[in-house]
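Let me begin by presenting the structure, written as structure tokens, before commenting on it.
Heads up: numbering here begins at 1 and tracks the sequence. All figures in this text were calculated on a predicted structure; none of them were measured in a lab.
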Amino acid sequence: MDFSGYDLNGLHLLYLSFEEQQNNVTEQMEKEPDINSLNFKDLGGRLLYFSYLAEAVRLEIRKRQAEKLLFSVEDIFRLVGQYDKYVIINFYRSSDAYTIYGDEVHGHLIYGRKLRNALTEAISVEHYNRTDGKILIDTIGKDTPKVKQLKTEGFLASEIYSISTFNHDPNEVAYRKKGVKDCIRICLTQPKKDTLTPS
């Protein structure tokens with residue numbers, strides 16, 4: 001299948017469409033009383049076809065993510081991490097992070113002092129290198145294995161489909177700010193060339 005006409009968002013929607021088709025066919029197969037019927041065999045063929053297409057799209061998404069990151073470790077630190085903003089992260093449905101954590105995680109990103117210093121230095125230049133890497137997040141919730149895994153193993157920056165956060169003074173670290181915080185939501189689903197992706 002030719003995916004050249006699709007950008008990453010288009011591929012993500014295509015993946016969701018094929019995934020929905022797989023689910024619909026699976027439901028139909030579960031309702032078919034005779035597994036030896038022609039209808040069941042036809043449904044099995046359709047399920048195999050949609051599974052093949054979904055896997056092809058998943059592989060194309062991963063290939064493109066590796067070639068050109070939507071969000072890099074440095075971008076995320078520059079926009080969210082250095083200000084300790086509360087963040088909501090959505091994953092590509094085709095990603096391992098989605099399989100492990102579900103559609104969305106939220107909380108504060110975790111940076112050790114050494115990493116924070118290195119990233120602060122990395123983004124101090126106008127055209128910084130953009131790399132993929134692990135993102136760790138401290139999320140609100142019971143101390144479950146997934147919450148622990150988010151803090152220790154995290155997920156890759158390339159698995160992120162969108163980032164949302166709350167607006168506040170970009171020059172002030174959130175935890176140092178006193179009083180009521182401004183809760184206007186901004187969304188960063190597509191990076192703007194002048195803000196997220198260095199030229």
Connected via hydrophobic side-chain network under 4.5 Å: [X] and [Y]:
X    : Y    : answer
L156 : I100 : no
F18  : Y98  : yes
M29  : L38  : no

Donor-acceptor list for residues 109-121 side chains, cut-off 3.5 Å, not counting sequence neighbours:
residue, atom, partner, partner atom, Å
R116, NH2, D84, OD1, 3.0
N117, ND2, R113, O, 3.3
T120, OG1, R116, O, 2.7

Does any part of the side chain of [Y], heavy atoms only, come nearer than 4.5 Å to the side chain of [X], both counted from C-beta?
X    : Y    : value
L11  : F3   : yes
K85  : V87  : no
I123 : Q82  : yes
I137 : H108 : no
I160 : I76  : yes
Y92  : L70  : yes
L79  : I163 : no

Verify, without hydrogens or angle tests, whether [X] (side chain) and [Y] (backbone) share a donor-acceptor contact under 3.5 angstrom.
X    : Y    : value
R130 : V73  : no
D75  : S72  : yes
D132 : S158 : yes

- Message: Apply side chain to side chain contact (heavy atoms under 4.5 Å, CB included) to residues D103 and N90 and explain how you reach the verdict.
- Response: CA-CA 6 Å; D103 180 56; N90 292 92; 3.1 Å; yes

Interatomic distance, [X] atom [atom1] to [Y] atom [atom2] [nearest 0.5 angstrom]:
X    : Y    : atom1 : atom2 : value
S94  : L59  : OG    : CG    : 9.0 Å
I135 : E159 : CD1   : CD    : 10.5 Å
H12  : S17  : NE2   : OG    : 12.0 Å
K41  : D34  : NZ    : CG    : 9.0 Å

- Item | Any residue meeting ring-ring contact (aromatic ring centres under 6.0 Å, His included) with F91, in chain and number order, not counting sequence neighbours | F155

- Query: Taking only residues two or more places apart in sequence, or in another chain, which ones meet Y15 in a ring-ring contact (aromatic ring centres under 6.0 Å, His included)?
  - Reply: none

- Which pairs pass salt bridge (Lys or Arg N to Asp or Glu O under 4.0 Å) with one or both residues in residues 20-32, sequence neighbours excluded? none

Name all residues meeting the side chain to side chain donor-acceptor pair (under 3.5 Å) criterion together with [X]; count only those two or more places apart in sequence or in a different chain, and write none if there are none.
X   : answer
R58 : E55
N23 : none
T99 : none
N36 : none

- Query: In terms of side-chain heavy atoms, does H106 have a donor or acceptor partner in Y86 at a distance below 3.5 Å?
  - Reply: yes

- Between the side chains of N39 and S37, does any donor sit under 3.5 Å from an acceptor? no

- Item | Salt-bridge criterion met for R93 and E19 (N-O under 4.0 Å) | yes

Show the atom names and distances, to 0.1 Å, of all donor-acceptor pairs under 3.5 Å that link a side chain in residues 43-51 to residues at least two apart or in another chain.
residue, atom, partner, partner atom, Å
S51, OG, Q22, OE1, 3.1
S51, OG, L47, O, 2.7

For [X], what residues pass the salt bridge (Lys or Arg N to Asp or Glu O under 4.0 Å) criterion, not counting sequence neighbours?
X    : result
D96  : R62
K151 : D138
E74  : none

- Taking it one step at a time, do S4 and D2 satisfy side chain to side chain donor-acceptor pair (under 3.5 Å)? CA-CA 6 Å; S4 59; D2 181 18; 2.8 Å; yes

- Closest non-hydrogen contact found for G154 with Y101 is O-OH, 2.9 Å

- Message: Around atom OH of Y6, are there more than 12 heavy atoms from other residues, nucleotides or ligands closer than 6.0 Å?
- Response: no

- Using the side chain to side chain contact (heavy atoms under 4.5 Å, CB included) rule, take I89 and V105 through it: C-alpha gap first, then chi angles, then the decisive distance, then the call. CA-CA 5 Å; I89 294 173; V105 294; 4.0 Å; yes

